[in-house]
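A, B, ... follow the sequence lines: proteins, then strands. Residue 1 opens every chain.
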Protein chains: 2
Amino acid sequence: MTNIKVVAELAGVSATTVSRVLSGKSYVSDDTRMRVMDAIQKTGYSPNVMAKGLKMGRTNTIVLMLPDIQNLIFPMITRGVEDAARQKNYTVILCNTDENSGVEKDYISTMKSRLVDGFIVGSMLPNSIHIRNLRTEGFPLVLINRFYAKDEGKIDIVAIDNFKAAYNAVRYLIGSGHKKIALALGRENLYLYNERHRGYRAALEDHNIPYNENLVMREATGSSSFYSMTQALMNSENRPDAIFATSDPKAFVILHALHEMGIRIPKDVSVLSFDNVTLSGMVEPPLSTVAQPFYDIGVRATNNLIHQIQYKDEKGVLPQPLKELLETDLIIRASTR
Amino acid sequence: MTNIKVVAELAGVSATTVSRVLSGKSYVSDDTRMRVMDAIQKTGYSPNVMAKGLKMGRTNTIVLMLPDIQNLIFPMITRGVEDAARQKNYTVILCNTDENSGVEKDYISTMKSRLVDGFIVGSMLPNSIHIRNLRTEGFPLVLINRFYAKDEGKIDIVAIDNFKAAYNAVRYLIGSGHKKIALALGRENLYLYNERHRGYRAALEDHNIPYNENLVMREATGSSSFYSMTQALMNSENRPDAIFATSDPKAFVILHALHEMGIRIPKDVSVLSFDNVTLSGMVEPPLSTVAQPFYDIGVRATNNLIHQIQYKDEKGVLPQPLKELLETDLIIRASTR
DNA sequence: TTGAAAGCGCTAACAC
DNA sequence: GTGTTAGCGCTTTCAA
């Protein structure tokens with residue numbers, strides 16, 4: 001591996017000078033600069049990141065911490081993160097934690113000892129203090145998708161307005177003539193699902209449709225529980241004319257249950273969903289859904305994080321936390337009438 | 001950040017001794033070991049990976065290079081890689097390259113300067129010499145999914161037997177009474193699709209069904225082209241009674257086209273596919289498909305790679321390349337009769 | 001405008 | 001069984 005000394009020797013200068021040419025932060029005569037550049041070219045030299053990292057305490061590396069890359073929404077976010085990171089010469093380390101706080105803590109300490117520059121976290125839970133501590137300890141940190149009231153103004157956030165998105169979705173259903181709208185609600189320990197629940201309820205009440213607890217299916221364990229809940233609901237006296245699913249995977253299961261029962265979509269019941277995962281346009285019937293800007297969430301989170309890193313480098317402290325709520329988009333396909 | 005010196009001082013020993021306790025490679029008296037352990041505990045010390053990496057030329061980091069994490073098969077592989085890596089205390093850097101060799105080369109040089117320990121590559125193309133060079137230059141390397149005849153015996157490979165898997169799938173269709181089996185064939189510059197093509201053809205011919213070029217749909221640009229090809233084929237005089245799709249995403253498109261035409265599956269035509277991506281059991285009708293052991297491919301590739309890394313550490317050279325072909329599994333759901 | 005020297009945190013000879 | 005020393009490749013004072 002060719003190092004800075006080799007280049008220096010070849011160019012007939014000191015290692016310091018080579019370093020200066022590379023950083024561009026100091027005056028070097030045009031003549032020497034040329035010779036150094038030449039030597040770099042000839043040797044194919046590329047600086048050793050470890051050595052630089054050791055000296056600088058910085059590594060141009062960021063961590064992306066997710067529950068599970070196998071969840072359909074994360075590959076898109078991940079791609080956004082990586083593209084944005086690469087553009088600014090950062091490398092991304094992927095951590096799947098299954099929301100297990102033990103795993104998260106392990107990862108965090110490993111990553112600290114690797115001198116990573118910052119964290120993007122998509123697995124935040126209400127009591128994840130080990131995550132919140134990162135910011136307190138001075139680590140650049142961005143929360144994506146999941147955050148809680150107490151985080152606002154304290155930690156950088158890139159997400160969507162879940163209340164508004166759900167409100168608009170349900171209002172659309174009401175507007176297109178649905179009267180009895182069921183809700184397939186995700187895990188209630190996540191703020192985002194509470195918000196979607198609130199949005200659903202508010203839209204109903206604003207249009208004089210009484211909120212009916214019997215129409216809400218609550219997630220038990222895993223989204224597959226919606227299979228039997230859907231069948232039960234459709235067989236009950238509360239049979240809805242529309243179902244609003246708070247995520248696409250839930251809608252897939254619901255579609256499946258409906259098909260098995262021979263119920264026609266959207267003729268007998270409309271299904272409106274949330275996420276717009278890649279496959280949501282490919283199922284039968286293609287799903288109407290609230291599109292989240294996943295790729296963009298990844299890009300913005302990364303840009304925010306890198307800004308924090310640079311700011312901290314210059315001023316020694318983290319900038320004021322920002323909260324970015326991106327726009328969603330209601331996509332109407334064939335599962336709603 | 002507390003470093004080895006702090007620990008040493010607190011324990012009343014030298015830094016070397018602390019290092020020895022940590023590595024466990026040398027004798028340390030039980031008494032000192034205790035004191036060191038204590039000091040580590042008290043200070044919350046964790047070694048600086050940069051410093052260690054600089055010294056050792058090793059970083060316990062591996063690179064996973066993929067076309068695009070958004071392709072449905074990669075999240076599973078990625079998860080396998082990461083789980084296996086974490087278990088052995090390795091960290092994984094994710095690189096999406098879109099199969100762009102410029103991007104790949106950039107990534108490779110960045111990664112070299114980061115002293116990564118090895119590469120797992122899922123984006124191999126026939127002429128990817130920059131990848132093959134990695135092995136030549138002494139980097140541990142494992143190819144997953146994609147490889148070519150010339151790589152066998154030269155580079156480590158973890159994949160499946162595509163010929164056999166396709167052969168068995170088509171034989172199953174023949175055995176269940178199908179007589180006119182179409183093929184939805186993927187990009188022909190990939191060896192794996194050639195093999196699936198070969199398997200399809202061999203199964204046909206072994207059962208005295210003539211191979212008919214008119215029944216093979218060849219991928220033009222992106223899998224969406226299969227939409228119109230399917231419709232054309234179903235309207236032609238060559239209308240098949242079964243379609244063998246060489247990947248699940250292709251099958252999704254085909255299903256979609258069939259639905260639009262009002263063709264019943266599997267009554268009018270069976271669809272058998274390849275991959276067993278998470279969603280293949282959720283579409284309508286649930287897809288019969290050749291299941292690939294994606295997670296396991298990730299795990300095995302990682303274990304192989306780490307073995308190479310350790311072997312090279314000890315003996316200074318890479319071990320003989322291994323080729324591992326994992327078993328596939330024919331999963332029959334509702335899209336075949 | 002350039003170079004010499006020190007040091008980031010760690011490990012591996014080599015001594016004792 | 002333990003400590004001293006040197007050095008991995010880089011950047012950053014400080015001098016010249």
Side-chain angles (χ1 to χ4, degrees), chain A residues 1-37 39-40 43-61 89 109-110 112-117 313-314 316, chain B residues 1-37 39-40 43-61 89 109-110 112-117 313-314 316:
Chain A
M1 183 127 299
T2 119
N3 64 22
I4 201 170
K5 265 190 181 165
V6 177
V7 177
E9 215 154 315
L10 186 63
V13 297
S14 74
T16 313
T17 302
V18 177
S19 174
R20 273 197 269 258
V21 169
L22 252 14
S23 78
K25 284 187 177 175
S26 186
Y27 291 104
V28 179
S29 79
D30 282 354
D31 180 53
T32 22
R33 166 172 289 106
M34 293 298 255
R35 295 211 315 283
V36 170
M37 289 306 230
I40 289 174
T43 53
Y45 168 72
S46 122
N48 180 318
V49 177
M50 293 301 129
K52 187 167 175 176
L54 178 58
K55 184 68 188 173
M56 316 277 275
R58 278 268 321 273
T59 52
N60 272 44
T61 307
N89 237 293
S109 75
T110 305
K112 281 181 183 169
S113 71
R114 285 178 172 261
L115 308 186
V116 299
D117 301 333
D313 244 22
E314 277 175 38
Chain B
M1 183 128 296
T2 119
N3 64 23
I4 201 170
K5 266 189 179 165
V6 177
V7 177
E9 214 155 315
L10 186 64
V13 297
S14 76
T16 312
T17 300
V18 177
S19 174
R20 273 197 270 258
V21 169
L22 251 16
S23 78
K25 282 188 179 176
S26 186
Y27 291 104
V28 179
S29 78
D30 282 355
D31 181 53
T32 21
R33 165 171 290 105
M34 294 300 254
R35 294 210 316 282
V36 170
M37 288 306 231
I40 289 174
T43 53
Y45 167 72
S46 119
N48 180 318
V49 176
M50 294 301 129
K52 188 167 174 175
L54 179 58
K55 182 70 187 170
M56 315 278 276
R58 278 267 322 274
T59 52
N60 273 43
T61 307
N89 237 293
S109 76
T110 306
K112 281 180 183 170
S113 72
R114 285 178 171 262
L115 309 186
V116 300
D117 301 333
D313 245 22
E314 277 176 39

Exercise. With sugar-phosphate meaning primed atoms plus P, OP1 and OP2, does A:Met56 contact a base, only sugar-phosphate, or nothing at under 4.0 Å between heavy atoms?
Worked result: sugar-phosphate

Exercise. Could you state the CD1-P distance from A:Ile4 to C:dG7, rounded to the nearest angstrom?
Worked result: 19 Å

Exercise. Taking atom types as modelled and ignoring hydrogens, do the side chains of B:Ser19 and B:Thr16 form a donor-acceptor contact shorter than 3.5 angstrom?
Worked result: no

For this session: Taking all heavy atoms of A:Pro47 and all of A:Leu22, pick out the closest pair and write down the distance.
Result: CG-CD2, 4.5 Å

Exercise. Do B:Arg33 side-chain and D:dG1 base share a donor-acceptor contact under 3.5 Å?
Worked result: no

For this session: By nearest nucleotide on DNA chain C, pick out whichever of B:Arg20 and B:Leu54 is the more 5' one.
Result: B:Leu54

For this session: Grab the NZ-P distance between B:Lys25 and C:dA12 for me, whole Å please.
Result: 6 Å

For this session: Round to the nearest Å and state the distance from A:Arg114 atom CZ to C:dC10 atom P.
Result: 14 Å

Exercise. Regarding A:Arg114 and B:Thr59, is there a side-chain donor-to-acceptor distance under 3.5 Å anywhere?
Worked result: no

Problem set entry | B:Pro47 side-chain proximity, nearest of C:dC10, D:dT2, D:dT11 | C:dC10

For this session: Tell me whether the OP1 or OP2 atom of C:dG3 has a side-chain N or O from A:Thr17 closer than 4.0 Å.
Result: yes

Exercise. Within this structure, what is the CG-to-C1' distance between A:Asp31 and C:dT2, rounded to whole angstrom?
Worked result: 13 Å

Exercise. Phosphate oxygens OP1/OP2 of C:dG9: is one of them under 4.0 Å from a side-chain N or O of B:Asn3?
Worked result: yes

For this session: Spell out, as yes or no, whether a donor-acceptor pair under 3.5 Å connects the side chain of A:Arg58 to the backbone of A:Leu115.
Result: no

Exercise. Base, sugar-phosphate, or nothing: which does B:Thr16 touch, judged by heavy atoms less than 4.0 Å apart?
Worked result: base

Problem set entry | Test item: A:Tyr45 and A:Ile4 side chains (from C-beta on) under 4.5 Å apart, heavy atoms | yes

Exercise. Heavy atoms under 4.0 Å, any strand shown: does B:Thr32 hit a base, just sugar-phosphate, or nothing?
Worked result: sugar-phosphate

Exercise. Reckon B:Lys52 touches a base, only the sugar-phosphate, or nothing at all at heavy-atom distances under 4.0 Å?
Worked result: sugar-phosphate

Problem set entry | Interatomic distance where CE belongs to B:Met34 and C1' belongs to D:dG1 [whole Å] | 17 Å

Exercise. From the list D:dC8, C:dG3, C:dG7, which nucleotide is the closest neighbour of the side chain of A:Lys55?
Worked result: C:dG7

Exercise. Looking at the side chain of A:Asn48, which of D:dG9, D:dT2, C:dT2 is the nearest nucleotide?
Worked result: D:dG9

Exercise. Looking at the side chain of B:Ala51, which of D:dC10, C:dG9, C:dT2 is the nearest nucleotide?
Worked result: C:dG9

